Amino acid sequence: MNKRRQNSNLNTGYASDKNGWNAAIAVNNKKVCLARAVAIRSLTSTRTNQTGDYAFYATTKLEEDRIFQMLELRDRSFARLLVGTVERRKGQIDQLLSNFINVQKNNKSSQRVQECLRVGVAQLIFLKTSPHAAVKETVQTLRWKQSERSQHIPESTVKFANAVLRGVARLVETKNGTSIFSSDDALLNISPWLVNEWKTCWGENITRNMADIFLEPPSHIDISCKALFVPTANNSSGYRSNQLEIVRTFLEELYTNGNNSNVSAVILPHGSIRLRNLAGSIASHPTFSIRNGSYWVQDASAAVPAMALHSALLLRKHSISSTHVVDMCAAPGGKTAQLLSMGFKKVTSIESSRRRNKRLMENLNRLGFLNHTVFIEKGQSWIPGDEVVNGILLDAPCSSTGTASRNPDVLRKEQEQLESLIDTQKILLNHCIDNILIVGGILVYSTCSLLKRESEDQIDSVLQRTNERGESIVKMLPFLPGEIPGFDEAIDKNNNGWMRVLPGVLHDELRLCDGFFIARLVKIAD
């Protein structure tokens, strides 16, 4: 096959390997696979900044790459697979490479070589790519001078990288199909301090189980819709009557638009919709790109905090149609969209980042929501003025370790980052209680963290607070069995009343969802 196409200023052909046909660009009459090249470029851009913190996710850099955006669907899918596999298996890959080489990350050139080697090993070991493609076509990317500012990779370095990957290929061949790694090696992909903290919090077995789950990319996408199940004081057992019809309509639209004949959907117990075998990005589906859309991407666990606030206000006899609620740290907008769908009198969203606020507004506008107010301001500085706030959803900034299935980069955060996040969480939590929420109001505190220091410990601390009269300021509002269908196993067994979702702990479809913590507080005194 010698298909040619023209994309803007990009001349591409196709090079074949076990993973299909991949767009290529000619360098010195030799083809460079662009899927591999942009994957390596995004990984090179993602490594640590001067403080040692991860500045941005490789997957984010990949999606923003101009050449990546020009590629066809199968090439983009291959690039995503390469980046995701390297990010999930980095510890194992580096351990294997240490037997062959010790590349120091002291400049962009050496980083690029290191990421090239990682991408090659990922193909040889985990993706079962043919050795010829995994070695030759991966190494060839080093000969591509990506821009005028790109550093030239000496031919001697290119040949050295080729020799290393050929050595790995020979090792794979000698194993004759048997695994190179032991069952314990999944923990190599996680920062040691994080492994130790998880073992302290959850024990050895759950820690290893989570590490194994994080090795595999999610095979599904969860979405919410305006008809999402909403619990009421008298009904906590089913869906809105029209939800099945809405899902049926959505699937028919998927079949009609694009190569989605194999897509399947299931309604999860609490109302989220789980899609499998979806072709391409969900964002490219017409329903997600037009105004007055009905759906948004939201993990099943992430849908619970807004439901918990709505249910709590009903249990406390608040009238939803006359209640004002605030969504702190609101971007990208999934929780705000839920709250707006639930019929609150007013929903106020607070977001400190202008960049994230832009995405928040784009999502809310696409969904056709108008009755909301958005402030671009730090949550710890915002004051509602004379308005009464009956409920607050504080989905606090955190380590995001519960999202590792989708964002494996988070498993290599530096421990120093955590202290700053904990301080911010504490400030936000106390500010919401002291300066925003009325007495009798409800605050839902949530994190997508698997660390108690960001979650359970924060709630334990605020529950100890008293006013100048020695009175407790807040108390817990425990979750009730059946209140959030499907999540009973996540309700704390020690009668603390909060909800702790750990990957692999819930049943059936909900076994695979983000790690989350949700607690509800009632303000009982100023």
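Remember, it's a predicted structure, so these values are computed and weren't measured experimentally. The figures that follow rest on heavy atoms only: side chains count, while hydrogens, waters and symmetry mates do not.
Put simply, the side chain of D222 never gets that close to the backbone of Q298: no donor and acceptor are under 3.5 Å apart.
The shortest side-chain heavy-atom distance between L411 and E87 does not fall under the 4.5 Å cut-off. Side-chain atoms of D434 and R465, non-hydrogen and from C-beta on, do get closer than 4.5 Å to each other. Using a 4.5 Å heavy-atom cutoff, the side chains of V38 and R76 are not in contact. Contact annotation: the side chain of S455 never approaches that of I459 to less than 4.5 Å [non-hydrogen atoms, C-beta and beyond].
For the residue pair Q69/E64, the side-chain donor-acceptor check at 3.5 Å is not satisfied. No side-chain N or O of N189 forms a donor-acceptor pair with one of R412 less than 3.5 Å apart. Side-chain atoms of T323 and N390 include no donor-acceptor pair closer than 3.5 Å. Side-chain atoms of S399 and E454 form a donor-acceptor pair, as typed in the model, at a separation below 3.5 Å. No donor-acceptor contact under 3.5 angstrom links the side chains of T373 and T348, judged on distance only. Remark: the S472 side chain and the T466 side chain contain no N/O donor-acceptor pair separated by less than 3.5 Å.
From I518, atom CD1 reaches atom CG of L309 across 12.0 Å, with rounding to the nearest 0.5 Å. Taken from CG in L340 to CG in D327, the straight-line distance is 9.0 Å, to the nearest 0.5 Å. Atom OG1 in T85 sits 10.5 Å away from atom CG in L215 (nearest 0.5 Å).
For the pair K452 and W198, the cation does not sit on the ring face, since its NZ or CZ is not both under 6.0 Å from the ring centre and inside 45° of the axis. The side-chain tip of R88 does not point at the ring of F214 from less than 6.0 angstrom away and within 45° of straight on.
Note on R41 versus D65: salt bridge recorded, some NZ/NE/NH1/NH2 to OD/OE distance being below 4.0 Å. Contact check on E204 versus R208 returns a salt bridge, with a Lys/Arg side-chain nitrogen under 4.0 Å from an Asp/Glu carboxylate oxygen. Salt bridge annotation for R453-E419: present, with a cationic side-chain nitrogen under 4.0 angstrom from a carboxylate oxygen.
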Requested in this report: Using the salt bridge (Lys or Arg N to Asp or Glu O under 4.0 Å) rule, take E115 and K90 through it: C-alpha gap first, then chi angles, then the decisive distance, then the call.
Outcome: CA-CA 10 Å; E115 299 306 338; K90 178 177 175 290; over 6 Å; no

Requested in this report: Evaluate the salt bridge (Lys or Arg N to Asp or Glu O under 4.0 Å) criterion for residues E489 and R500: first the C-alpha distance (whole Å), next the side-chain angles of each, then the deciding distance (0.1 Å), finally the verdict.
Outcome: CA-CA 9 Å; E489 286 298 313; R500 163 54 76 183; over 6 Å; no

Report task. May I have the step-by-step check of side-chain contact (heavy atoms from CB on, under 4.5 Å) for V83 and I40, ending in yes or no? Result -> CA-CA 8 Å; V83 170; I40 291 168; over 6 Å; no

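Counting non-hydrogen atoms of neighbouring residues, nucleotides and ligands closer than 6.0 angstrom, the CG atom of N205 reaches no more than 12 such neighbours.
Applying the salt bridge (Lys or Arg N to Asp or Glu O under 4.0 Å) criterion to R406, with sequence neighbours excluded, gives D514.
The aromatic rings of F517 and Y445 stand perpendicular to each other, their planes meeting at an angle above 60°, with 30° marking the opposite boundary.
Here the closest heavy-atom approach between residue L339 and residue A306 is recorded as CD2-CB, 4.1 Å.
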What pairs of donor and acceptor atoms, side-chain ones from residues 379-387 against any protein atom, are under 3.5 angstrom apart with sequence neighbours left out?
from, atom 1, to, atom 2, distance (Å)
E387, OE1, K346, NZ, 3.2
E387, OE2, K346, NZ, 2.5

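Remark: aromatic rings of H324 and F344 are distant, center separation not under 6.0 Å.
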